[in-house]
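All chains are named by letter (A, B, ...) in the order of the sequence lines, taking the proteins before the strands, and each is independently numbered beginning at 1. These numbers were taken from a predicted model, which means no experiment stands behind them.
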Number of protein chains: 2
Amino acid sequence: MNKPLQHRSICPLASALDLFGDKWTLLVIRDLACGKSQFKDFMQSPEKIATNILSSRLARLQALELVETFASTLQPGRQAYRLTAKGETLVPVLQALADWGLANIDGTRAMLRPVDRDKKEQKP
Amino acid sequence: MNKPLQHRSICPLASALDLFGDKWTLLVIRDLACGKSQFKDFMQSPEKIATNILSSRLARLQALELVETFASTLQPGRQAYRLTAKGETLVPVLQALADWGLANIDGTRAMLRPVDRDKKEQKP
DNA sequence: CAGTATCCATTTTGATACTG
DNA sequence: CAGTATCAAAATGGATACTG
(Lines give C-alpha, C1' and ligand atoms only; values in the text may rest on other atoms or scores of the structure.)
Protein backbone atom coordinates (compact mmCIF):
# COMPACT_ATOMS: atom_id res chain seq x y z
CA MET A 1 0.00 0.00 0.00
CA ASN A 2 2.80 2.36 0.83
CA LYS A 3 5.96 2.74 -1.17
CA PRO A 4 9.25 0.88 -0.77
CA LEU A 5 10.93 4.09 0.36
CA GLN A 6 14.05 4.39 -1.68
CA HIS A 7 16.31 7.38 -1.40
CA ARG A 8 17.39 9.61 -4.21
CA SER A 9 20.87 10.22 -2.94
CA ILE A 10 23.12 9.76 0.06
CA CYS A 11 22.34 13.27 1.21
CA PRO A 12 20.74 13.04 4.65
CA LEU A 13 18.53 15.99 3.85
CA ALA A 14 17.29 14.51 0.59
CA SER A 15 16.72 11.21 2.33
CA ALA A 16 14.81 12.86 5.14
CA LEU A 17 12.68 14.64 2.56
CA ASP A 18 11.91 11.30 0.97
CA LEU A 19 10.29 10.41 4.28
CA PHE A 20 8.86 13.72 5.43
CA GLY A 21 8.71 15.84 2.32
CA ASP A 22 4.96 16.08 2.10
CA LYS A 23 2.19 18.11 3.63
CA TRP A 24 0.88 15.65 6.18
CA THR A 25 3.48 13.38 7.73
CA LEU A 26 5.03 15.92 10.06
CA LEU A 27 1.62 17.16 11.10
CA VAL A 28 0.75 13.68 12.29
CA ILE A 29 4.03 13.63 14.18
CA ARG A 30 3.15 17.00 15.64
CA ASP A 31 -0.17 15.71 16.93
CA LEU A 32 1.53 12.69 18.43
CA ALA A 33 4.17 14.89 20.01
CA CYS A 34 1.38 16.95 21.54
CA GLY A 35 -0.06 13.87 23.13
CA LYS A 36 -2.83 12.97 20.73
CA SER A 37 -3.27 9.27 20.48
CA GLN A 38 -6.58 8.37 18.91
CA PHE A 39 -7.64 8.40 15.33
CA LYS A 40 -10.39 10.90 15.97
CA ASP A 41 -7.98 13.24 17.76
CA PHE A 42 -5.90 13.57 14.63
CA MET A 43 -9.02 14.06 12.59
CA GLN A 44 -10.01 16.98 14.76
CA SER A 45 -6.87 18.98 14.13
CA PRO A 46 -7.57 22.20 12.27
CA GLU A 47 -5.93 21.05 9.04
CA LYS A 48 -8.63 18.42 8.53
CA ILE A 49 -6.70 15.45 7.27
CA ALA A 50 -8.72 12.86 5.34
CA THR A 51 -9.21 9.43 6.88
CA ASN A 52 -7.38 7.61 4.12
CA ILE A 53 -4.39 9.91 4.31
CA LEU A 54 -4.18 9.68 8.06
CA SER A 55 -4.46 5.94 7.84
CA SER A 56 -1.66 5.63 5.30
CA ARG A 57 0.60 8.02 7.19
CA LEU A 58 0.17 6.14 10.43
CA ALA A 59 0.91 2.88 8.66
CA ARG A 60 4.02 4.25 7.07
CA LEU A 61 5.26 5.73 10.31
CA GLN A 62 4.73 2.40 12.00
CA ALA A 63 6.72 0.69 9.28
CA LEU A 64 9.50 3.17 9.94
CA GLU A 65 9.23 2.41 13.65
CA LEU A 66 8.58 6.01 14.46
CA VAL A 67 5.10 5.28 15.74
CA GLU A 68 3.69 2.33 17.62
CA THR A 69 0.27 1.31 18.79
CA PHE A 70 -0.77 0.45 22.31
CA ALA A 71 -3.94 -0.41 24.14
CA SER A 72 -5.69 2.79 25.06
CA THR A 73 -6.61 3.16 28.70
CA LEU A 74 -9.01 5.93 27.79
CA GLN A 75 -11.15 3.85 25.53
CA PRO A 76 -10.70 0.26 26.59
CA GLY A 77 -10.63 -2.19 23.77
CA ARG A 78 -9.31 0.34 21.30
CA GLN A 79 -5.82 0.86 20.18
CA ALA A 80 -4.04 4.15 20.25
CA TYR A 81 -0.87 5.58 18.73
CA ARG A 82 2.22 7.08 20.20
CA LEU A 83 5.71 8.02 19.14
CA THR A 84 8.47 5.54 19.74
CA ALA A 85 11.74 6.73 21.22
CA LYS A 86 13.01 7.02 17.67
CA GLY A 87 9.94 9.02 16.74
CA GLU A 88 10.59 11.41 19.59
CA THR A 89 13.88 12.34 18.01
CA LEU A 90 11.89 14.16 15.37
CA VAL A 91 10.76 16.79 17.83
CA PRO A 92 13.75 19.06 17.18
CA VAL A 93 12.90 18.92 13.50
CA LEU A 94 9.32 19.97 14.20
CA GLN A 95 10.63 22.65 16.47
CA ALA A 96 12.98 24.06 13.85
CA LEU A 97 10.25 24.26 11.26
CA ALA A 98 7.72 25.66 13.69
CA ASP A 99 10.19 28.23 14.98
CA TRP A 100 10.84 29.34 11.44
CA GLY A 101 7.17 29.57 10.65
CA LEU A 102 6.44 31.51 13.78
CA ALA A 103 9.18 34.02 13.03
CA ASN A 104 8.54 34.36 9.33
CA ILE A 105 4.96 33.62 8.43
CA ASP A 106 2.34 36.17 9.31
CA GLY A 107 -0.67 34.99 11.19
CA THR A 108 0.87 31.94 12.78
CA ARG A 109 0.65 31.32 16.49
CA ALA A 110 2.70 29.12 18.76
CA MET A 111 1.00 25.84 19.48
CA LEU A 112 3.66 23.18 19.72
CA ARG A 113 3.48 22.21 23.36
CA PRO A 114 4.28 18.58 24.02
CA VAL A 115 1.98 17.09 26.62
CA ASP A 116 2.91 14.36 29.03
CA ARG A 117 1.41 11.34 27.40
CA ASP A 118 0.87 9.22 30.49
CA LYS A 119 -0.81 12.07 32.26
CA LYS A 120 -3.04 12.68 29.28
CA GLU A 121 -4.04 9.04 29.11
CA GLN A 122 -4.81 9.02 32.81
CA LYS A 123 -6.58 12.34 33.04
CA PRO A 124 -8.36 13.19 29.83
CA MET B 1 2.35 30.11 -12.49
CA ASN B 2 2.81 29.25 -8.85
CA LYS B 3 0.12 29.02 -6.26
CA PRO B 4 -1.34 31.80 -4.15
CA LEU B 5 0.16 30.22 -1.04
CA GLN B 6 -2.61 30.08 1.47
CA HIS B 7 -2.18 28.41 4.78
CA ARG B 8 -4.31 25.64 6.14
CA SER B 9 -4.19 26.82 9.71
CA ILE B 10 -2.47 29.21 12.07
CA CYS B 11 -0.06 26.48 13.12
CA PRO B 12 3.46 27.64 12.27
CA LEU B 13 4.45 24.09 11.42
CA ALA B 14 1.51 23.54 9.09
CA SER B 15 2.19 26.91 7.49
CA ALA B 16 5.86 26.10 7.04
CA LEU B 17 4.86 22.82 5.44
CA ASP B 18 2.65 24.70 3.02
CA LEU B 19 5.85 26.35 1.83
CA PHE B 20 8.41 23.60 2.21
CA GLY B 21 6.40 20.42 2.39
CA ASP B 22 7.57 18.93 -0.86
CA LYS B 23 10.53 16.99 -2.15
CA TRP B 24 12.45 19.75 -3.86
CA THR B 25 12.19 23.17 -2.26
CA LEU B 26 14.54 22.51 0.64
CA LEU B 27 17.02 20.83 -1.66
CA VAL B 28 17.26 24.00 -3.69
CA ILE B 29 17.79 25.89 -0.45
CA ARG B 30 20.46 23.37 0.49
CA ASP B 31 22.32 23.98 -2.76
CA LEU B 32 22.10 27.72 -2.27
CA ALA B 33 23.30 27.38 1.31
CA CYS B 34 26.26 25.40 0.00
CA GLY B 35 27.17 28.23 -2.30
CA LYS B 36 25.72 27.08 -5.58
CA SER B 37 24.46 29.96 -7.58
CA GLN B 38 23.92 29.00 -11.18
CA PHE B 39 21.12 27.11 -12.79
CA LYS B 40 23.41 24.41 -14.04
CA ASP B 41 24.94 23.95 -10.59
CA PHE B 42 21.57 22.98 -9.18
CA MET B 43 21.00 20.70 -12.13
CA GLN B 44 24.20 18.85 -11.34
CA SER B 45 23.20 17.89 -7.83
CA PRO B 46 22.83 14.14 -7.41
CA GLU B 47 19.06 14.25 -7.07
CA LYS B 48 18.70 15.40 -10.66
CA ILE B 49 15.97 17.99 -10.47
CA ALA B 50 14.13 18.71 -13.72
CA THR B 51 14.49 22.12 -15.33
CA ASN B 52 10.85 23.01 -15.01
CA ILE B 53 10.73 22.11 -11.35
CA LEU B 54 13.92 24.00 -10.56
CA SER B 55 12.61 26.96 -12.44
CA SER B 56 9.31 27.00 -10.60
CA ARG B 57 10.94 26.52 -7.20
CA LEU B 58 13.37 29.36 -7.78
CA ALA B 59 10.51 31.59 -8.85
CA ARG B 60 8.49 30.73 -5.80
CA LEU B 61 11.41 31.27 -3.48
CA GLN B 62 12.01 34.64 -5.05
CA ALA B 63 8.39 35.56 -4.54
CA LEU B 64 8.82 34.64 -0.89
CA GLU B 65 11.93 36.80 -0.75
CA LEU B 66 14.03 33.89 0.37
CA VAL B 67 16.11 33.95 -2.79
CA GLU B 68 17.30 36.80 -4.95
CA THR B 69 19.20 37.10 -8.20
CA PHE B 70 22.38 39.01 -8.79
CA ALA B 71 24.80 39.56 -11.62
CA SER B 72 27.25 36.70 -11.64
CA THR B 73 30.89 37.69 -11.58
CA LEU B 74 31.83 34.21 -12.70
CA GLN B 75 29.90 34.32 -15.91
CA PRO B 76 29.54 37.99 -16.80
CA GLY B 77 26.24 38.87 -18.31
CA ARG B 78 24.44 36.04 -16.57
CA GLN B 79 22.38 36.18 -13.46
CA ALA B 80 22.87 33.94 -10.50
CA TYR B 81 20.91 33.09 -7.38
CA ARG B 82 21.62 33.42 -3.72
CA LEU B 83 19.78 33.30 -0.44
CA THR B 84 18.57 36.53 1.03
CA ALA B 85 19.15 37.19 4.72
CA LYS B 86 15.66 35.84 5.29
CA GLY B 87 16.54 32.77 3.28
CA GLU B 88 19.61 32.17 5.40
CA THR B 89 17.37 31.76 8.42
CA LEU B 90 16.30 28.45 6.95
CA VAL B 91 19.70 26.93 7.53
CA PRO B 92 18.82 25.68 11.02
CA VAL B 93 15.81 23.95 9.51
CA LEU B 94 18.00 22.23 6.94
CA GLN B 95 20.40 21.34 9.66
CA ALA B 96 17.73 19.78 11.85
CA LEU B 97 16.44 17.62 9.03
CA ALA B 98 19.91 16.67 7.85
CA ASP B 99 21.02 15.84 11.37
CA TRP B 100 18.04 13.59 11.78
CA GLY B 101 18.65 11.88 8.47
CA LEU B 102 22.29 11.37 9.23
CA ALA B 103 21.51 9.79 12.57
CA ASN B 104 18.55 7.71 11.48
CA ILE B 105 18.76 6.81 7.82
CA ASP B 106 21.25 4.21 6.75
CA GLY B 107 23.56 5.06 3.92
CA THR B 108 23.44 8.82 4.30
CA ARG B 109 26.61 10.87 4.54
CA ALA B 110 27.23 14.34 5.84
CA MET B 111 27.42 16.90 3.06
CA LEU B 112 25.88 20.09 4.32
CA ARG B 113 28.85 22.42 4.44
CA PRO B 114 27.99 26.02 3.71
CA VAL B 115 30.59 27.68 1.53
CA ASP B 116 31.52 31.33 1.67
CA ARG B 117 29.60 32.72 -1.21
CA ASP B 118 31.79 35.68 -2.06
CA LYS B 119 34.88 33.55 -1.99
CA LYS B 120 33.23 31.05 -4.26
CA GLU B 121 32.24 33.75 -6.69
CA GLN B 122 35.75 35.17 -6.68
CA LYS B 123 37.69 31.95 -6.79
CA PRO B 124 35.78 29.23 -8.58
C1' DC C 1 23.92 28.00 -20.92
C1' DA C 2 19.49 29.52 -18.93
C1' DG C 3 15.50 29.07 -18.84
C1' DT C 4 10.26 28.40 -20.72
C1' DA C 5 6.76 25.52 -22.54
C1' DT C 6 4.53 21.23 -23.28
C1' DC C 7 2.94 16.70 -22.99
C1' DC C 8 2.16 12.88 -20.32
C1' DA C 9 2.70 9.66 -16.32
C1' DT C 10 2.58 9.24 -11.62
C1' DT C 11 1.47 10.76 -7.12
C1' DT C 12 -1.19 12.98 -3.84
C1' DT C 13 -5.19 14.62 -2.18
C1' DG C 14 -10.11 15.17 -1.03
C1' DA C 15 -14.69 13.54 -0.62
C1' DT C 16 -17.43 10.11 0.37
C1' DA C 17 -19.28 5.54 0.96
C1' DC C 18 -18.91 1.48 3.55
C1' DT C 19 -17.75 -2.21 7.16
C1' DG C 20 -16.78 -4.13 11.93
C1' DC D 1 -15.50 5.29 16.50
C1' DA D 2 -11.81 3.36 13.62
C1' DG D 3 -10.55 2.45 9.95
C1' DT D 4 -10.60 0.52 4.59
C1' DA D 5 -11.96 1.19 -0.12
C1' DT D 6 -12.98 3.92 -4.17
C1' DC D 7 -12.88 7.36 -7.38
C1' DA D 8 -12.22 11.79 -9.41
C1' DA D 9 -9.57 15.92 -9.25
C1' DA D 10 -5.46 18.31 -8.55
C1' DA D 11 -0.70 18.64 -7.92
C1' DT D 12 3.66 17.10 -8.94
C1' DG D 13 7.10 15.14 -11.48
C1' DG D 14 9.94 13.68 -15.64
C1' DA D 15 11.36 13.97 -20.36
C1' DT D 16 12.10 16.59 -23.95
C1' DA D 17 11.70 20.22 -27.33
C1' DC D 18 12.46 24.89 -28.06
C1' DT D 19 14.02 29.91 -27.74
C1' DG D 20 17.29 33.83 -26.70
### Message
Which nucleotide wins on minimum distance to the side chain of A/Phe39, given the candidates C/dA2, D/dA2, C/dT16?
### Response
D/dA2
## Note on the structure
To the nearest angstrom, the CG-P distance between A/Leu17 and D/dT12 comes to 15 Å
### Message
Whole angstroms only, please: what is the CG-P distance between A/Leu54 and C/dT13?
### Response
12 Å
### Query
Is it true that the side chains of A/Ser72 and A/Gln38 contain a donor and an acceptor less than 3.5 Å apart?
yes
### Task
Please tell me which of A/Arg78 and A/Lys48 maps to the more 5' nucleotide of DNA chain C, matching each residue to the nucleotide holding its nearest heavy atom.
A/Lys48
### Task
State whether B/Gln79 places a side-chain N or O below 4.0 Å from either non-bridging phosphate oxygen (OP1 or OP2) of C/dC1.
no
### Task
Classify the side chain of B/Asn52 versus the base of C/dG3 as yes if they form a donor-acceptor pair under 3.5 Å and no if they do not.
no
### Query
Paired with D/dG13: which nucleotide, if any, by Watson-Crick or G-U wobble criteria at under 3.5 Å for both distances?
C/dC8
### Task
Starting from C1' on C/dG3, measure out to CG on B/Leu58 and report it in whole angstrom.
10 Å
### Task
Measure the shortest side-chain to side-chain distance between A/Asp18 and A/Arg8 over non-hydrogen atoms and say whether it is less than 4.5 angstrom.
yes
### Message
With a 3.5 Å limit on both atom pairs, tell me what C/dG20 is paired to, counting Watson-Crick and G-U wobble, or say none.
### Response
D/dC1
#### Entry: C/dT11 OP1/OP2 closer than 4.0 Å to side-chain N/O of A/Trp24
no
### Query
How far does CG of B/Leu90 sit from CG of B/Leu61, to the nearest 0.5 angstrom?
8.5 Å
### Nearest-angstrom distance from the residue atom CZ of B/Arg57 to P of C/dG3
16 Å
### Distance in angstrom units between A/Ile53 CD1 and D/dA9 P, rounded
17 Å
### Query
Rounding to a whole Å, what distance do you find between B/Tyr81:OH and C/dC1:P?
15 Å
#### Entry: Basic-acidic side-chain contact under 4.0 Å: B/Lys23, A/Asp22
no
### Message
Please determine whether a side-chain nitrogen or oxygen atom of B/Gln38 lies at a distance below 4.0 Å from atom OP1 or OP2 of C/dC1.
### Response
no
#### Entry: d(CG, B/Asp22; C1', C/dT13) in whole Å
15 Å
### Task
Output yes when B/Glu47 and B/Arg30 qualify as a salt bridge under the 4.0 Å nitrogen-oxygen rule, no when they do not.
yes
### Task
Measure from NZ on B/Lys23 to C1' on C/dT12 and round the result to the nearest Å.
10 Å
### Summary
Looking only at C/dA15, C/dT4, D/dA2, the nucleotide nearest the A/Ala50 side chain is C/dA15
